[in-house]
Protein chains: 2
Amino acid sequence: MLTETKTGYTVKQLADLAGVSIRTLHYYDEIGLLKPSSVGDNGYRYYEEEAVYRLQQILFFREMELGLLQIKDIMEQPEFDLMMTLVTHRQALQDKIARLQTLIHTIDQTLAHLTGEVDMTKKKLFEGFTEEEQERYAQEASEKYGAATVQASMQLWKSYGKDKQAAIMQEGKVIYQDMLAAMGQGATSAGVQAIVARWHQHLRYFYEPTPEILRGLGHHYNDDPAFHANFADLHPDLPAFLEQAIMHYCDVQFPSA
Amino acid sequence: MLTETKTGYTVKQLADLAGVSIRTLHYYDEIGLLKPSSVGDNGYRYYEEEAVYRLQQILFFREMELGLLQIKDIMEQPEFDLMMTLVTHRQALQDKIARLQTLIHTIDQTLAHLTGEVDMTKKKLFEGFTEEEQERYAQEASEKYGAATVQASMQLWKSYGKDKQAAIMQEGKVIYQDMLAAMGQGATSAGVQAIVARWHQHLRYFYEPTPEILRGLGHHYNDDPAFHANFADLHPDLPAFLEQAIMHYCDVQFPSA
DNA sequence: CTTGACCCTCACGTTACGTCATGGTTTATC
DNA sequence: GATAAACCATGACGTAACGTGAGGGTCAAG
């Protein structure tokens with residue numbers, strides 16, 4: 001009682017962790033966007049893990065230039081799903097990269113024009129900017145983060161029932177054990193590829209991964225130190241093996257991606 | 001006198017062209033960032049070509065999230081050079097793309113974490129955001145758009161003297177004629193490659209193009225309708241020939257790029 | 001106890017416009 | 001020439017997302 005333990009991040013700790021200001025955290029609390037997990041007797045704000053994840057989400061939304069109240073609305077919807085939203089962020093980021101590539105294209109054309117090589121319409125000078133405006137409006141529409149996809153995801157998960165949900169979570173644990181046992185068959189063998197298919201289906205219980213995500217995960221398993229160490233603990237060759245198996249699976253299932 | 005001709009874009013025309021608001025143009029006039037080229041007897045603002053280019057620059061700076069007064073300062077420096085700045089914008093855009101790629105990487109890791117595959121430090125949740133902050137600070141430094149590179153560029157051009165400057169501009173006209181005459185030798189021949197080297201040097205009188213820019217220009221000459229038409233008027237095979245010749249030149253000169 | 005770091009609330013200021021009011025100017029049509 | 005719609009101007013208040021500073025309480029180490 002007298003030494004009540006205070007857990008969680010203080011404002012300075014969280015601000016440093018996430019690269020935002022303390023004032024930002026105050027403001028987000030004030031507008032109800034990110035409430036602290038608890039407030040101590042001293043009036044201090046304390047943030048737990050859930051709040052940390054929520055802040056990450058907010059930063060992604062902010063990167064997409066959504067307004068704070070808009071972000072709050074989206075996250076307050078009962079069908080808000082963390083993973084589905086991350087997938088949507090991913091798509092939005094790729095759209096943004098495409099637009100930046102367009103700006104680079106515009107620069108190259110302007111440079112060539114200024115060195116006298118070709119005429120250029122005035123409209124082309126702003127290629128990428130006007131599209132940027134259009135993209136911004138599109139982002140403001142709720143469809144991108146929207147009800148349709150997110151609702152489908154939640155309904156799908158809820159439709160499984162408690163027993164099946166538990167079985168799905170257990171299945172996830174079994175897949176890597178089976179993969180380990182099948183390493184002797186080779187990464188491209190029918191047996192291993194069947195396990196990769198189960199891994200793919202396992203992911204699909206949570207969200208619909210694009211081919212690119214699948215490839216990206218396969219690469220991270222081998223290349224990312226944390227992933228690598230996690231799997232190498234099971235077997236030193238497992239990380240590279242997983243990458244090979246997943247890449248082959250993607251080559252076969254998605255030949256054009 | 002009585003029917004004084006008014007030329008240039010009105011605010012609505014320029015706003016539509018560039019995808020900005022009329023209010024923005026008013027504001028930019030007010031703060032001295034973008035003055036109209038002339039003001040009619042009726043009080044209307046009219047913008048000529050020079051102002052259009054200036055607006056493009058402003059939009060690029062704005063894309064890099066520089067403040068308006070900061071942008072104004074940069075553009076008021078006597079050594080401000082349009083082309084050199086475009087090259088700098090290009091680099092900044094590529095840095096920005098790299099950062100967005102990092103955010104995608106963070107998403108992939110978060111997704112894998114949430115499906116139970118690996119532990120993830122809280123710090124990794126914000127990978128890309130904190131770097132974003134650092135990048136923003138770096139952008140605010142004047143070095144990126146800065147005095148050093150821009151000064152060097154201007155001094156270089158001024159050091160040529162009027163006669164040499166005229167000769168350089170004339171050389172630019174000759175290069176494409178020589179290229180046309182040498183088409184029979186093949187894109188990878190020593191004669192054609194020597195002309196590509198002259199083209200490269202020609203660009204370098206204006207700015208230092210990166211290998212990527214060289215490749216990008218080579219590709220645009222063939223792929224972009226305006227470029228393509230311009231060169232195809234000289235010879236129908238010239239656009240593709242130029243691309244081949246430039247790509248080969250870049251392969252040889254910059255084997256690792 | 002002292003000091004420095006950290007915490008709080010309060011409140012004004014900044015930046016880059018968005019929006020509206022009021023009224024003059026231009027253009028096209030009848 | 002008259003009319004209506006589109007366009008132009010200035011002026012001014014408001015907004016979003018904080019930045020900054022004031023004043024004062026809390027915590028931890030020496």
Side-chain angles (χ1 to χ4, degrees), chain A residues 2-47 55 58-59 61-74 129 132-133 136-137 139-140, chain B residues 2-47 55 58-73 129 132-133 136-137 139-140:
Chain A
L2 293 180
T3 60
E4 183 182 63
T5 61
K6 290 178 278 288
T7 63
Y9 296 92
T10 58
V11 284
K12 186 172 194 299
Q13 288 166 346
L14 185 56
D16 288 344
L17 178 66
V20 297
S21 68
I22 293 171
R23 178 73 182 101
T24 297
L25 295 176
H26 287 175
Y27 184 63
Y28 289 178
D29 182 7
E30 175 189 329
I31 65 173
L33 178 59
L34 178 64
K35 290 288 184 182
S37 307
S38 62
V39 178
D41 292 341
N42 54 9
Y44 287 16
R45 296 171 176 82
Y46 298 96
Y47 299 89
L55 180 57
I58 291 167
L59 294 185
F61 281 118
R62 210 175 67 169
E63 177 67 29
M64 295 298 115
E65 298 179 61
L66 297 184
L68 297 183
L69 291 188
Q70 196 177 7
I71 295 169
K72 187 178 169 221
D73 282 350
I74 290 171
F129 290 115
E132 182 183 26
E133 293 296 333
R136 185 168 296 165
Y137 298 148
Q139 285 163 7
E140 287 172 354
Chain B
L2 294 180
T3 59
E4 184 181 61
T5 61
K6 290 179 277 290
T7 63
Y9 295 93
T10 59
V11 285
K12 186 172 194 300
Q13 287 166 347
L14 184 56
D16 287 345
L17 177 65
V20 296
S21 69
I22 293 172
R23 178 75 183 98
T24 298
L25 294 176
H26 287 175
Y27 184 64
Y28 288 177
D29 183 8
E30 177 189 327
I31 65 173
L33 179 59
L34 178 64
K35 290 289 184 181
S37 307
S38 61
V39 180
D41 293 339
N42 53 8
Y44 286 15
R45 297 171 173 85
Y46 297 96
Y47 299 88
L55 180 57
I58 292 168
L59 294 185
F60 273 118
F61 281 118
R62 209 176 65 169
E63 177 67 31
M64 294 298 115
E65 298 180 61
L66 297 184
L68 297 182
L69 290 188
Q70 196 177 7
I71 295 170
K72 188 180 169 221
D73 281 349
F129 290 115
E132 183 183 28
E133 293 297 334
R136 185 169 295 166
Y137 298 147
Q139 284 164 3
E140 287 174 355

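So you know, we letter chains A, B, ... as the sequences are listed, proteins then strands, and number each from 1.
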Point to revise | Min side-chain heavy-atom separation B:Tyr46-B:Ser37 under 4.5 Å | key: no

Point to revise | Whole-Å distance separating the CG atom of B:Leu14 from the P atom of D:dC8 | key: 11 Å

**Study point:** Minimum heavy-atom distance between A:Ala18 and A:Leu55, given as atom pair plus value
**Key:** CB-CD2, 3.5 Å

Study note, to complete from the structure: Contacts of A:Ser21 meeting side chain to side chain donor-acceptor pair (under 3.5 Å) (sequence neighbours excluded), chain-then-number -> A:Thr24

When you compare the protein's N or O atoms with those of nucleotides 2-4 of chain D, which come within less than 3.5 Å of each other, and at what distance?
none

Study note, to complete from the structure: Atom OH of B:Tyr47 and atom P of D:dC8 are separated, to the nearest Å, by 10 Å

Revision key, fill the gap. In 5'-to-3' order, the base (B), backbone-only (S) or no-contact (-) status of each nucleotide in nucleotides 12-26 of chain D, using a 4.0 angstrom heavy-atom cut-off, is B----BBBB----BB

Check your understanding: With side chains defined as the heavy atoms from C-beta onward, is the minimum distance between B:Tyr28 and B:Val20 less than 4.5 Å?
Key -> no

Practice item. For the residue pair B:Leu68 and B:Phe61, establish whether any side-chain heavy-atom pair is separated by less than 4.5 Å. Key: no

Point to revise | B:Leu25 versus B:Ala15, closest heavy-atom pair with distance | key: CD1-N, 3.9 Å

Check your understanding: A:His26 NE2 to C:dA11 C1': how many Å, rounded?
Key -> 14 Å

Check your understanding: Just wondering, do A:Leu34 and A:Tyr47 contact through their side chains at under 4.5 Å, heavy atoms?
Key -> yes

Review point. What is the distance, rounded to the nearest whole Å, between atom CD of B:Glu65 and atom C1' of C:dT15?
Key: 14 Å

Point to revise | Euclidean distance, atom CD of residue B:Glu63 to atom C1' of C:dA16 [Å, nearest integer] | key: 16 Å

**Study point:** Separation of D:dC7 P from B:Lys12 NZ (nearest whole Å)
**Key:** 4 Å

Check your understanding: Can you find a pair of side-chain heavy atoms, one from A:Asp29 and one from A:Arg45, that are under 4.5 Å apart?
Key -> yes

Practice item. Nearest whole angstrom, please: distance from the C1' of C:dC6 to the CG of A:Leu25. Key: 14 Å

Review point. How does DNA chain D read in dot-bracket, base by base from 5' to 3', with Watson-Crick or G-U pairs under 3.5 Å and | used when the partner is on another strand?
Key: ||||||||||||||||||||||||||||||

Point to revise | Euclidean distance, A:Glu65 CD relative to A:Gln70 CD, rounded to 0.5 Å | key: 11.5 Å

Practice item. Apply side chain to side chain donor-acceptor pair (under 3.5 Å) to B:Asp73 and list each qualifying residue two or more places apart in sequence or on a separate chain. Key: none

**Study point:** A:Thr10 side chain near C:dC6 phosphate (N/O to OP1/OP2, under 4.0 Å)
**Key:** no

Check your understanding: Atom CD of B:Gln13 and atom C1' of D:dC8: how far apart are they, to the nearest Å?
Key -> 12 Å

Practice item. Compare all side-chain heavy atoms of A:Leu17 with those of A:Gln13 and state whether any distance is below 4.5 angstrom. Key: no

